Amino acid sequence: MSEARRRRWLILSHAYNVDGRAESLTITDKIPHLIAAGIEPVVFSSVMGEPDPQVRHVQMLPWGPSGIRFDLRHVLRRRLGRGAAYRVLSLLVSALLALPILLERLLVGLRSQWSWAFPAWLRAMPLVKRGEVELVFSTGGVFSAHLAGAWIKRWSGCPWIVEVHDPLVIPGREPRGRHERFLARLEARICRDADLAWWFTDGALAAAQRRHPGLDGRGIVVLPGAEPPVVRTAYRRGPRCVLGHFGSLSPTRSLAPALQALARLLEREPALRGLLRLEVYGSALDPHAAQLLGALKLEGVVLPIGRLEHDPATGLSGRARVMQRMQQCDALLMLHGDQPESSEYIPSKLYEYFWARRPVLGLTHDNPQLDAMIAAHGGWSAPTRDIDAVAQALAAVVQRWRDDALPDVTVPPVTVADAVQRILGAVDRTLRRG
């Protein structure tokens, strides 16, 4: 095989180049660095994202009806927006696929994207058998990429490297139901068969090694990092202390503890009501937080702003506007959730926060590595479930603001380039051993 072909990697990523999805950014941000290092990526993905002209990008639908419905909804939303045409076509697709989806759930019992592994595997095997790729790289929170990678490894022996985003096994309990048991078996296959696998936290790697001691030195930790902002805006202290939250909210990552702590702080210091603002970008309030907003009388203090889209006046993309606003806030609020898997998970948004150079207030749960990272970058952390501790951390932010002592953080951020260099070094060592 020629040297040029030897450095071709087949990347399996279900949610590749999907705007706004963290698992997409984690791989798409790596692509320019891989290309600069002499790697030629060939990407297999679902149809959810935009085609990527900088690589050979093959998009394919899953074979299962629930996966087809899931992916087509994203395609329709991207092309039609969320208006009446989207709603009508989405309803039509759901109606046509309702019975097949019911049968799929009864027979298979896995989440919708599982069947994407079939076309990815079949399209990959000819490339692998002809020796056109050096290795197969499966990545993502969507597990079907890893399933396809495991099949390719089983039937070809091609080197297989794995980037595990979220814990596949929930800590502290036995897997429940067909889906969780399937993910546990998939983790076992990764730890047994992958030539190299990496997790994003010390806790996640340690847990996988406890469950699968045979992983040994083939498992490492790689902090994913983030790319520098495309725009740079100077921070200026304003007449109010503005905290910004950016990213998705959900019942498992709720703004509610922050609102409860904010209400408690305002009860103790009513004068802060005119000085303190919490701006919420990127998502509607989660249901619990939406209820608390009125019940705690926080209207005017908490401002749900939603997504920032492309601005024709400035030419800035939605992502650029988000990074710009992050840099203008006095401090940034990060929600970690309080689920058992939080001990093995660090929100990817944190790495973008570090590039914004603003101090972070993190509501965290049982993750010393995350707490240490926030502290090292000049921020505060408090346990999500301890409302008094969160209120005290809020008060500390406000006091620093009053003292005009919230300058830009100068600690170097975690970069994607660093992550790629660590991966390339580990891959080279792995291939030399092989």
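Predicted model only: the values in this text are computed from it and were never measured.
- Note on Arg237 versus Asp330: no salt bridge recorded, every NZ/NE/NH1/NH2 to OD/OE distance being 4.0 Å or above.
- A 4.5 Å side-chain heavy-atom check between Leu10 and Glu134 finds every atom pair outside the cut-off.
- Distance check, rounded to the nearest 0.5 Å: CG of Leu243 to CG of Leu394 gives 6.5 Å.
- No side-chain donor from either of Ser144 and His14 sits under 3.5 Å from a side-chain acceptor of the other.
- A salt bridge is absent between Glu174 and Arg176; no separation between the charged side-chain nitrogens and carboxylate oxygens falls under 4.0 Å.
- Of the possible polar contacts, one joining the Ser24 side chain to the Val18 backbone as a donor-acceptor pair under 3.5 Å is found.
- Every pair passing ring-ring contact (aromatic ring centres under 6.0 Å, His included) that includes a residue from residues 188-230 is listed here, sequence neighbours excluded: Phe137-Trp198, His165-Phe200.
- The existence of a salt bridge linking Arg69 and Glu104 is excluded, since no basic side-chain nitrogen approaches an acidic carboxylate oxygen closer than 4.0 Å.
- Expressed to the nearest 0.5 Å, how far CD of Glu352 lies from CD of Glu227 amounts to 10.5 Å.
- Shown here are the side-chain contact (heavy atoms from CB on, under 4.5 Å) partners of Ala405, two or more places apart in sequence or in another chain: Arg400, Asp403.
- Taking CZ of Arg178 as the start and CZ of Phe182 as the end, the distance is 12.0 Å to the nearest 0.5 Å.
- Looking only at side-chain heavy atoms (C-beta outward), Leu61 and Ser46 stay at 4.5 Å or farther from each other.
- Two residues are said to be in side-chain contact when any heavy atoms from C-beta on lie closer than 4.5 Å; Met334 and Leu361 fail this criterion.
- Using modelled atom types, one side-chain atom of Glu23 and one backbone atom of Gly141 make a donor-acceptor pair closer than 3.5 Å.
- If you check the side chains of Thr364 and Asp371, you find a donor sitting under 3.5 Å from an acceptor.
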Side-chain donor-acceptor contacts of residues 266-275 below 3.5 Å, not counting sequence neighbours, with atom names and distances?
from, atom 1, to, atom 2, distance (Å)
Arg268, NH2, Asp388, OD1, 2.9
Arg273, NH1, Lys297, O, 2.9
Arg273, NH2, Lys297, O, 3.4

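- Here the shortest heavy-atom pairing between Ala419 and Pro224 reads CB-O, 3.8 Å.
- The local environment of CZ in Arg211 is crowded, with over 12 non-hydrogen atoms from other residues, nucleotides or ligands closer than 6.0 Å.
- Expressed to the nearest 0.5 Å, how far CD1 of Ile346 lies from NE2 of His336 amounts to 7.0 Å.
- Using a 4.0 Å cut-off between charged nitrogen and carboxylate oxygen, Arg7 and Glu40 do not count as a salt-bridge pair.
- For residues 253-292, the set of pairs meeting the ring-ring contact (aromatic ring centres under 6.0 Å, His included) definition, not counting sequence neighbours, comprises Phe246-Tyr281.
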Inset, instruction - Under the ring pair (Phe, Tyr, Trp, His ring centres under 6.0 Å) rule, what do His179 and Phe143 come out as? Steps first, then yes or no, please. - result: CA-CA 11 Å; His179 184 73; Phe143 66 93; 5.3 Å; yes
Inset, instruction - Dump the intermediate steps for side-chain hydrogen bond (donor to acceptor under 3.5 Å, both in side chains) on Asp286 and Ser254, then the final yes or no. - result: CA-CA 6 Å; Asp286 61 274; Ser254 173; 2.6 Å; yes
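- Residues Leu255 and Val280 form a side-chain contact, since some pair of their non-hydrogen atoms from C-beta on lies under 4.5 Å apart.
- Side chain of Arg8 to backbone of Val42: no donor-acceptor contact under 3.5 angstrom is found.
- Between Asp193 and Lys153 there is no salt bridge, since none of the side-chain N atoms of the basic residue sits less than 4.0 Å from a carboxylate O of the acidic one.
- For the pair Ile423/Lys30, a side-chain contact is recorded, criterion being any heavy-atom separation below 4.5 Å from C-beta on.
- Between Asn17 and Val43, every side-chain heavy-atom pair lies at or beyond the 4.5 Å cut-off.
- By the salt bridge (charged side-chain N to carboxylate O under 4.0 Å, His left out) test, Asp29 pairs with Arg319, sequence neighbours left out.
- In this structure, the separation between OG on Ser90 and CZ on Arg77 is 7.5 Å, given to the nearest 0.5 Å.
- Here the side chains of Ser348 and Leu25 are not in contact, with every heavy-atom distance at 4.5 Å or above.
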Inset, instruction - Report the C-alpha separation of Arg189 and Glu187 in whole Å, then their side-chain angles, then the decisive distance to 0.1 Å, and conclude whether the salt bridge (charged side-chain N to carboxylate O under 4.0 Å, His left out) test is met. - result: CA-CA 5 Å; Arg189 291 186 72 168; Glu187 181 189 72; over 6 Å; no
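- Considering CG of Leu296 and CD of Gln291, their distance stands at 11.0 Å, rounded to 0.5 Å.
- Using a 3.5 Å distance cut-off with no hydrogens or angles, the side chains of Ser342 and Asp366 do not pair a donor with an acceptor.
- With hydrogens and angles disregarded, a donor-acceptor distance shorter than 3.5 Å links the side chain of Arg358 to the backbone of Leu406.
- By the neighbour-count criterion of 12 heavy atoms within 6.0 Å, atom CZ of Arg236 is sparsely surrounded, having that number or fewer from other residues, nucleotides or ligands.
- In the displayed structure, Arg422 atom CZ is contacted under 6.0 Å by more than 12 heavy atoms of other residues, nucleotides or ligands.
- Considering only heavy atoms from C-beta on, Tyr351 stays 4.5 Å or farther from Val416 through its side chain.
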Inset, instruction - List the steps and the verdict of side chain to side chain contact (heavy atoms under 4.5 Å, CB included) for Glu180 and Arg173. - result: CA-CA 11 Å; Glu180 289 189 8; Arg173 80 177 201 202; 2.3 Å; yes
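- By the 6.0 Å contact criterion, CZ on Arg325 is enclosed, its count of non-hydrogen atoms from other residues, nucleotides or ligands being greater than 12.
- Judged by distance alone, the side chains of Arg73 and Ser94 do bring a donor and an acceptor atom under 3.5 Å apart.
- For Gln54 and Asp52, the side-chain atoms include at least one donor-acceptor pair closer than 3.5 Å.
- Evaluation of the ring-ring contact (aromatic ring centres under 6.0 Å, His included) test over residues 37-80, restricted to residues two or more places apart or in two chains, returns Tyr16-His57, Trp63-Phe118, Phe70-His74.
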